[in-house]
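Heads up: the structure comes next, in structure tokens.
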Number of protein chains: 2
Amino acid sequence: MAEDPPRRQPTLDEVAEHAGVSRSVASRALNNAPHVSRAKREAVQRAVRQLGYVPNPTARALATRQTGAAALVVSGEDPSIFADPFFAQVIVGATAALEDADLHLMLCLAASDRGRKRVAELLRSRGADGVMLMALREDDPLLPLAEETRMPVVFGGRPVGATPRWYVDVDNVGGAREATEHLVARGRTRVAALCGRLDTEAGRARYRGYRDALLAAGLDPFPPQEGDFTEPSGAAAMAALLANHPDVDGVFAANDNMAAGALRTLRKAGRLVPDDVAVVGFDDLAVAQIADPPLTTVHQPIQALGREMARMLVSLVNGQEPTPLILPTHLVVRSSA
Amino acid sequence: MAEDPPRRQPTLDEVAEHAGVSRSVASRALNNAPHVSRAKREAVQRAVRQLGYVPNPTARALATRQTGAAALVVSGEDPSIFADPFFAQVIVGATAALEDADLHLMLCLAASDRGRKRVAELLRSRGADGVMLMALREDDPLLPLAEETRMPVVFGGRPVGATPRWYVDVDNVGGAREATEHLVARGRTRVAALCGRLDTEAGRARYRGYRDALLAAGLDPFPPQEGDFTEPSGAAAMAALLANHPDVDGVFAANDNMAAGALRTLRKAGRLVPDDVAVVGFDDLAVAQIADPPLTTVHQPIQALGREMARMLVSLVNGQEPTPLILPTHLVVRSSA
DNA sequence: GCTTCCAGTGGGAGCGCTCCCAACCTCCGA
DNA sequence: TCGGAGGTTGGGAGCGCTCCCACTGGAAGC
């Protein structure tokens with residue numbers, strides 16, 4: 001099996017020649033388009049096999065003006081935001097849907113200036129067929145770029161203060177309301193909220209849902225005790241809360257991380273969960289099950305979020321006009337409330 | 001600002017014409033290559049600005065035979081493996097290094113047959129400039145594909161039973177040894193190992209390190225109590241261990257997830273950590289700090305792993321001959337041991 | 001004065017594919 | 001018998017860029 005000539009990949013022309021047909025016919029056979037006789041089609045297939053031909057995606061991209069890739073852009077001021085297992089779930093969902101459309105996933109972390117610059121260039125150069133954007137801060141520098149670009153952009157979650165043309169979101173308000181109602185139904189009357197970043201729509205919406213539920217129950221909402229969706233911020237917020245309102249008996253945390261932090265603080269303070277203080281989280285990530293006690297939490301379908309974003313993008317790329325989507329959430333009752 | 005003509009992106013030819021130079025000069029100016037007079041260089045830059053020109057990456061890729069992308073392939077029999085925060089860290093590190101080389105990251109989850117097929121095609125079609133492969137199971141179907149491909153492949157971790165030409169790994173044996181030595185130094189004499197999958201090199205190497213340390217200390221290693229790197233498997237392994245060896249006083253877990261599971265089982269069994277049983281984990285992920293008590297664990301530089309993989313790939317793409325890398329690990333002492 | 005050299009320049013041939021279109025062939029109804 | 005209709009076929013023109021190369025003219029060297 002000598003391979004002396006450092007032979008390149010065979011090209012379509014070579015396949016055509018080898019099969020005794022023209023390049024056009026070979027191309028059609030390859031993309032199983034019509035207007036190819038059975039005999040030639042098979043001849044091409046044989047040649048492809050014999051030569052080990054694989055189409056060159058770049059050349060195809062240039063000719064079709066389609067890159068065959070979709071970008072997932074995750075924005076945030078530092079890369080650690082991406083460590084949130086949330087994104088891994090989104091990626092798993094998106095990948096599944098992208099696979100169906102035979103698109104590749106380009107992952108862009110726009111966490112540094114350099115990263116943002118590259119995203120900007122991607123957007124301007126049409127380096128992908130479309131973009132899934134997770135940029136939820138109010139002042140995110142990518143938002144204006146997303147407006148300008150001429151490629152389809154699907155948002156994951158809605159940014160504060162703007163409703164994009166295409167987005168997939170989860171029902172944050174409804175989930176938070178259900179969580180809070182659950183606490184109230186368990187007889188809690190002094191229910192506080194450990195908020196996530198209030199410059200994100202998710203953070204605000206969850207507080208809104210909490211507030212709605214308490215008002216509807218004739219109880220007084222607490223002012224937002226703000227954190228940043230991390231475990232330490234949850235622990236800190238809980239500590240502050242205990243200091244100001246030692247009689248709190250229910251806590252709605254903006255996500256599981258913060259709920260886990262709250263649990264830690266409560267344990268340290270000698271408060272029993274759920275007996276003294278009931279805690280509800282949001283997300284239903286792995287941490288919710290591992291927590292001690294296991295967290296009652298609002299399940300949000302994160303993989304579905306990714307999947308639907310990708311599907312929406314695919315349909316946009318195919319020239320359709322999808323409508324925004326809000327995915328349902330539901331409460332998962334465990335032991336913490 | 002009428003934009004009636006649905007004008008395409010301007011091309012390099014248009015820039016050249018607008019600047020009153022030839023395409024060649026424009027190209028050279030753009031890539032700031034030599035052999036362009038100052039005046040024309042500036043004229044081109046002006047034209048670029050006025051026309052809002054952005055080079056078409058696909059055309060460039062076709063001409064240069066470089067895609068401008070590196071693929072990160074994560075293999076596993078089901079997508080949930082990717083939920084491990086480990087990968088997020090790898091991605092963060094890889095992204096940083098790739099940014100420096102101005103390469104994009106293509107993320108491929110080879111968890112379904114479909115996914116593996118697409119990876120195979122990517123490998124054969126040179127759809128990227130290189131591949132970072134995380135496929136560590138002994139019988140991983142991607143391993144033979146990686147052998148065949150004509151594009152550079154850097155492994156993250158070593159697969160069982162084979163030493164790839166290029167890889168970055170962490171010092172699993174050394175870390176496990178240090179962790180076990182720590183337990184011994186604390187006076188533990190009945191130290192068991194909660195292993196990860198023994199069909200991965202990491203799982204084996206960590207057990208080997210544990211074994212070495214105990215033998216060196218003149219103690220008897222326990223037979224491997226196998227899990228699969230997940231929290232529940234750690235809990236189960238710990239339960240089995242307690243049943244067979246109620247007198248165990250030290251546990252080395254193959255990773256933090258399993259250690260967290262062990263903690264849960266021990267708490268349920270009424271064993272105090274670290275008083276009755278000391279526990280050491282491996283990874284030093286977020287869960288280690290959140291665990292109760294916080295885990296003493298072996299820190300492995302996961303972002304660095306990703307970064308070095310990307311760097312190695314970049315140097316391969318640039319025609320250099322990097323050497324494999326093994327990154328150091330070190331023990332982080334917290335309360336669990 | 002004459003070569004020699006080289007920065008600067010633009011023409012043109014690709015890179016490997018898709019797709020339009022004209023040419024062709026066969027078969028059928030009128 | 002003849003004129004389509006409709007399925008096949010291959011030529012050729014791109015897609016937008018890079019890069020080789022031949023050519024120019026002025027500066028440097030002798």
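Letters A, B, ... are given to chains in the order of the sequence lines, protein chains preceding strands, and every chain is numbered from 1.
Atom-to-atom, CD of B:Gln66 to C1' of D:dG16 comes out at 17 Å; the value is rounded to the nearest Å. What separates CG of A:Leu12 from P of D:dG14 is a distance of 20 Å, to the nearest Å. Remark: P of D:dT8 and CZ of A:Arg38 are 12 Å apart, rounded to the nearest angstrom. Distance, B:Asn31 CG to D:dG16 P: 17 Å, rounded to whole Å. As rounded to whole Å, 15 Å separates atom C1' of D:dC19 from atom CG of B:Leu30. C:dG16 atom P lies 15 Å from atom CD of A:Glu17, rounded to whole Å. Atom CZ in B:Arg60 sits about 18 Å away from atom P in C:dG16, given to the nearest Å.
Under 4.0 angstrom from either OP1 or OP2 of D:dG16 there lies no side-chain N or O belonging to B:Thr58. Look at A:Asn56 and you won't find any side-chain N or O under 4.0 angstrom from OP1 or OP2 of C:dC15. Residue B:Thr64 places none of its side-chain N or O atoms closer than 4.0 Å to OP1 or OP2 of D:dC17. Contact between the side-chain N/O atoms of B:Arg65 and the OP1/OP2 oxygens of C:dG16 is found at a separation under 4.0 Å.
The backbone N or O of A:Arg124 sits less than 3.5 Å from a side-chain atom of B:Gln9, completing a donor-acceptor pair. Checked by atom type and distance alone, the side chain of B:Thr149 never pairs as donor or acceptor with a backbone atom of B:Leu145 at under 3.5 Å. Between the side chain of B:Arg28 and the main chain of B:His35, a donor-acceptor pair closer than 3.5 Å is present. A distance-only check finds a donor-acceptor pair linking the side chain of B:Asp140 to the backbone of B:Leu142 [under 3.5 Å].
Residue A:Pro34 is classed as having no contact, given no heavy-atom separation below 4.0 Å to the nucleic acid.
No side-chain heavy atom of A:Met309 sits less than 4.5 Å from a side-chain heavy atom of A:Trp166. For the pair A:Met151/A:Leu123, a side-chain contact is recorded, criterion being any heavy-atom separation below 4.5 Å from C-beta on.
For the pair B:His35 and A:Ala63, nearest-nucleotide mapping onto DNA chain C gives the more 5' position to B:His35.
Taken to the nearest 0.5 Å, the CZ atom of B:Arg126 stands 15.5 Å off from the CD atom of B:Glu121.
Of all nucleotides listed (D:dG16, C:dC17, D:dT18), D:dG16 comes nearest to the side chain of A:Leu62. For A:Ser37, whose side chain is taken as the heavy atoms from C-beta onward, the closest listed nucleotide among D:dT9, D:dT18, C:dC17 is D:dT9.
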Could you go over nucleotides 10-13 of chain D and give all protein N or O partners under 3.5 Å, atom names and distances?
residue: D:dG10; atom: OP2; partner: A:Ser22; partner atom: N; Å: 3.0
residue: D:dG10; atom: OP2; partner: A:Ser22; partner atom: OG; Å: 3.4
residue: D:dG10; atom: N7; partner: A:Arg28; partner atom: NH2; Å: 3.1
residue: D:dG10; atom: O6; partner: A:Arg28; partner atom: NH2; Å: 2.7
residue: D:dG11; atom: N7; partner: A:Ser24; partner atom: OG; Å: 3.3
residue: D:dG11; atom: O6; partner: A:Ser24; partner atom: OG; Å: 2.6
residue: D:dG12; atom: O6; partner: A:Arg23; partner atom: NH1; Å: 3.0
residue: D:dA13; atom: N6; partner: A:Arg23; partner atom: NH1; Å: 3.4

